[in-house]
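Heads up, the thing below is written out as structure tokens.
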Amino acid sequence: MAITGIKGFNDILPGEVEKWQHIEATARRVFELYGFAEIRVPIMEKTELFARSIGDATDIVEKEMYSFTDKGENQVTLRPEGTASVMRAFIEHKLYANDPVAKLYYLGPMFRYERPQKGRYRQFHQIGAEVTGVTDPKVDAQLLTMLCHFFDELGLTEPTLQINSLGCPECRPIYRQVLKEFLRAKLELLCDDCKRRFETNPLRALDCKSTGCQEATKEAPSVLDHLCAGCADHFARVRGYLETVGTGYSINPRMVRGLDYYTRTTFELVTGLLGSQSAVAAGGRYDGLIAELGGPALPGIGFAMGVERVALLLAEQEFKKRPDLFIAALGEPAQAEAFRLMTGLQRQGVSVEIDYEGKSLKSQLRRSDKFDARFTLIIGEDELAKGRGALKNMDQGSQEEVPLTSDAVVQRLKI
Ligand code: HAM
């Protein structure tokens, strides 16, 4: 029996991969406009890094990590997200030494042991961006604007921006206490998960999907009414800057992120088109994380998008690449000529396909159609003798003779 891949780990095949390349190229182009540089970090880290940054009481660390002991007895984990690794590298290589402001982006696979379904996988891919060293709300607004710019470039209007503020170590504990008092009377309504994390993480009940939790939190106090003066002012200024540049948003005071490192601004780009996997991108500020990981006391903010989810939103669009030219050749000498011409043209930057098996002209033309080549060049015995082939423009249906040299063919293809 043939061996299959692992559940929740997907192949990205030709035909689909062109869409991924388009998403990645668009991200690189847009992010670099805003001054971001790429960073590549390993896909495996010490388990401790994720436990300390994402938080011991989160679903990711409690239940979803691919962790194991390697042959050297080290506790290691396949990264469930990118922020922790990027900040670990930022600290380890002292990237802050010359300038505390670093703008970094990354792309690659992440791993979480979740129940696979449409838009949710065990190996999935993120494109993320992080900015260190700036507390000013202009950077929050710029990062969100860049993210929306990226979606505009893809022609996607669907994911819409929701923002919230989760406060800071001064005001969040007060809100937590207020929320706990509120929920205590309704504890029976909460789902088992939220009951269990009532002490450690009561905020999770606010965005829990279970009907009991939704009922229990209907009238819950809002985090935004409990921000300290500094956090309230920061949030108001983020909103002001978003409005200045025309980046649309709505406020969702029930947004609670599933990672513990967030402070102040948090956000999600949400869509109604992917069922329960509604977050296409998400992130926020993490002003305490760098110090928590043993680095200097610098603030940070970032986001990551799920590439699979972006690709699903682009489902209707066709990204297949068309070859510039298909050469149909009849008979052994013409086929040798086609092979020589193809190689010369490829060196000149033209994408060319041929038929390798010397099939009939009809079947070669069928193959050209299948490739959807822009041009077809036919070389039979007569054409070979004349040194001129018949070049057909497949979109316009027009045909002309062309000398069988790569320079001449390149000239004709330039239209
Ligand atoms: P996150 O919300 O856990 O945040 O993930 C970000 C995005 O990754 C989600 O909105 C979703 O699109 C995608 N994603 C997450 N899990 C899966 C999955 N199992 N299958 C498919 N897609 C998934 C973070 O990871 C933070 N590191 C974001 C961040 C960067 N915050 C600050 N900087």
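Index from 1, following the sequence. Remember, it's 1-based here, ligands and their atoms both numbered in the order they're listed.
By the 4.0 Å heavy-atom criterion, E308 is excluded from the residues contacting ligand 1. No heavy atom of G128 sits closer than 4.0 Å to any atom of ligand 1. Residue contacts with ligand 1 do not include R285, since none of its heavy atoms lies under 4.0 Å from the ligand. Under a 4.0 Å heavy-atom criterion, G119 is in contact with ligand 1.
Between the side chains of T83 and E130, at least one donor N or O sits under 3.5 Å from an acceptor N or O. Checked by atom type, the side-chain pair Y105/E32 shows a donor-acceptor distance below 3.5 Å. Neither side chain, Q126 nor E81, offers a donor N or O lying under 3.5 Å from an acceptor on the other. A donor and an acceptor atom, one from each side chain of N393 and S398, are nowhere located under 3.5 Å apart.
Polar contact with ligand 1: absent for Y286 (N/O pair, distance under 3.5 Å). Considering backbone and side-chain N/O atoms, R257 comes within less than 3.5 Å of an N/O atom of ligand 1.
Atom 9 (C) of ligand 1 has A279 O, 4.0 Å as its closest protein atom, hydrogens excluded (heavy atom only).
At a heavy-atom distance under 4.0 Å, only backbone atoms of F303 (N, CA, C or O) approach ligand 1.
Taking every heavy atom of both residues into account, Y66 and F9 meet most closely at OH-CE1, 3.4 Å.
In this structure, Y96 has its ring center closer than 6.0 angstrom to the ring center of F90.
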